[in-house]
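Below is one structure, written out as structure tokens, with a few remarks after it.
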Amino acid sequence: VTNRDDITRIREVMKTKPIVFVSCHRSHLDYLVVPYVLFTEDMVTPHIAAGINLSFWPVGYFLRKGGAFFIRRSFRGNDLYALLLKKYIEFLLKNRHNIKFFIEGTRSRSGKMLPPAYGILKMVLESYRSGTLDDIALVPVSISYDEVFEEGSYTKELQGAKKEKESATGLIKSRKIIKRNIGKVYVRFAEPLSVKEIIQKSDQTHTDPKLTLQKTAFQLCKTINDVSPIT
């Protein structure tokens, strides 16, 4: 379920600048929802930053075909890896390829927004500062479900059970869950934020770049919450 005004707004923004879709993360289905919505509206689907835990066969193959690029859960201390990822993101945006990432960094087990992860957002802001882009649009995206199909495993994890590693075996075991009717999926695109305006305001007020990053991340999270429907 989408809002026609949201779709119209996204279509207009896409004509003038690259878009970074900044989404909440509720389910593995999130990887498919936004590309499906854009595809059915005859718009270009984004490249999606996905956790390397989903790079297993055969899921990894199909997700790559759908635009996913897999990144490590953490690359703190690995400066070369961080630099290469940053340059790749900058290359995508410079060539007008839209991207999508999850601001929480991992799936929320409770349905509430988790504190933001700063890594990818920092790279997006730095891509603009490099001077190769006129502007970048940050589009907050809310994805909500009548029922999350991982609900059973989430309940176990919240009770203390260890998270099961994603694998082909687990995919086969979950085939009955995948067939289950989980109701409707609600997708909301909020008003875009201009990276150009964010950086210019930061420079004018001499705000520390780290503080600008944190404020932008929390503003994105709040906006996602504001447009999320109650299901």
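Positions are given from 1, in the same order as the sequence printed here. This one's a predicted model, so the numbers in the text were calculated from it and none came from an experiment.
Sparse packing is recorded around NZ of K122, with 12 or fewer heavy atoms of other residues, nucleotides or ligands lying under 6.0 Å away. Residue D134 qualifies as open at atom CG: its count of foreign heavy atoms under 6.0 Å is 12 or below. When the shell of 6.0 Å around OH of Y118 is examined, it contains more than 12 heavy atoms from other residues, nucleotides or ligands.
The structure places CG of L121 at 5.0 Å from CG of L213, a figure rounded to the nearest 0.5 Å. Annotation: the span from L84 atom CG to I71 atom CD1 amounts to 13.0 Å, rounded to 0.5 Å. Rounding to the nearest 0.5 angstrom, the gap separating the CD1 atom in I198 from the OH atom in Y128 is 10.5 Å. One distance of note links CD1 of I120 with CD1 of I103; it measures 9.5 Å at 0.5 Å rounding. In this structure, NE2 in H28 is found 5.0 Å from CG in L54, a value given to the nearest 0.5 Å. Atom CZ of F75 is separated from atom CG of L83 by 11.0 Å, given to the nearest 0.5 angstrom.
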Original post:
Passes side-chain contact (heavy atoms from CB on, under 4.5 Å), V195 versus L133? Steps please.
Top reply: CA-CA 10 Å; V195 171; L133 292 154; over 6 Å; no
Subject >> Audit row: D30, Y145, side-chain contact (heavy atoms from CB on, under 4.5 Å) steps and yes/no >> reply: CA-CA 10 Å; D30 296 345; Y145 301 84; 2.5 Å; yes
**OP:** Could you go through the side-chain contact (heavy atoms from CB on, under 4.5 Å) check for F101 and M123 one step at a time?
**Re:** CA-CA 12 Å; F101 75 95; M123 294 177 182; over 6 Å; no
Original post:
Do V44 and L38 pass the side-chain contact (heavy atoms from CB on, under 4.5 Å) test, and can you show the C-alpha distance, the side-chain angles, and the key distance before you say yes or no?
Top reply: CA-CA 7 Å; V44 178; L38 296 179; over 6 Å; no
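Smallest separation of non-hydrogen atoms from T223 and A190: CG2-CB, 3.4 Å. Shortest non-hydrogen contact noted between F70 and Y81 is O-OH, 4.2 Å. Counting all heavy atoms, side chain and backbone alike, R109 lies closest to R107 at NH1-O, 2.9 Å. In terms of heavy-atom proximity, M43 sits nearest to I7 at CE-CG2, 3.8 Å. Here the closest non-hydrogen pair linking E41 and R4 is OE2-NH1, 2.6 Å. Of all heavy-atom pairs between S127 and K86, the closest is OG-O, 4.3 Å.
Taken together through direct or relayed side-chain contacts under 4.5 Å among Ile, Leu, Val, Met, Phe, Trp and Tyr, Y31 and V141 form part of one hydrophobic cluster. With hydrophobic clusters built from ILVMFWY side chains whose heavy atoms lie under 4.5 angstrom apart, V187 does not share a cluster with V22. In terms of hydrophobic clustering, with Ile, Leu, Val, Met, Phe, Trp and Tyr side chains grouped at heavy-atom distances under 4.5 Å, I143 and L114 are assigned to different clusters. I48 and L93 are members of different hydrophobic clusters when ILVMFWY side chains are connected at heavy-atom separations under 4.5 Å. A single hydrophobic cluster is not seen to contain both I89 and V34; linkage of ILVMFWY side chains at heavy-atom distances under 4.5 Å, directly or through other members, places them apart.
The backbone N or O of P140 sits nowhere less than 3.5 Å from a side-chain atom of R188 that would complete a donor-acceptor pair. Side chain of D208 to backbone of K210: a donor-acceptor contact under 3.5 angstrom is found. In this structure, the side chain of R64 does not engage the main chain of S55 through any donor-acceptor pair within 3.5 Å. For the pair N98 (side chain) and I19 (backbone), a donor-acceptor distance under 3.5 Å is present. Although no hydrogens or angles enter the test, the distance criterion places no donor-acceptor pair under 3.5 Å between the side chain of D203 and the main chain of Q200. Counting only distance, with no hydrogens or angles, the side chain of S108 and the backbone of G111 share a donor-acceptor pair below 3.5 Å.
Electrostatic pairing of E126 and R129 does not count as a salt bridge here, judged by no charged N lying under 4.0 Å from a carboxylate O. Between D226 and K222, at least one side-chain nitrogen of the basic residue sits less than 4.0 Å from a carboxylate oxygen of the acidic one, meeting the salt-bridge criterion. A salt bridge is defined here as a Lys NZ or Arg NE, NH1 or NH2 lying under 4.0 Å from an Asp or Glu carboxylate O, and R26 with E104 meets this definition.
You'll find the side chain of V139 stays beyond 4.5 Å of the side chain of R9, heavy atoms only. Considering only heavy atoms from C-beta on, S142 comes within 4.5 Å of P229 through its side chain.
Every residue two or more places apart in sequence or in another chain that forms a side chain to side chain donor-acceptor pair (under 3.5 Å) with D146 is listed here: Y186.
Ring-plane geometry between F102 and H25 is classed as parallel, the angle between the planes falling under 30 degrees on a 0 to 90 degree scale with a further cut at 60.
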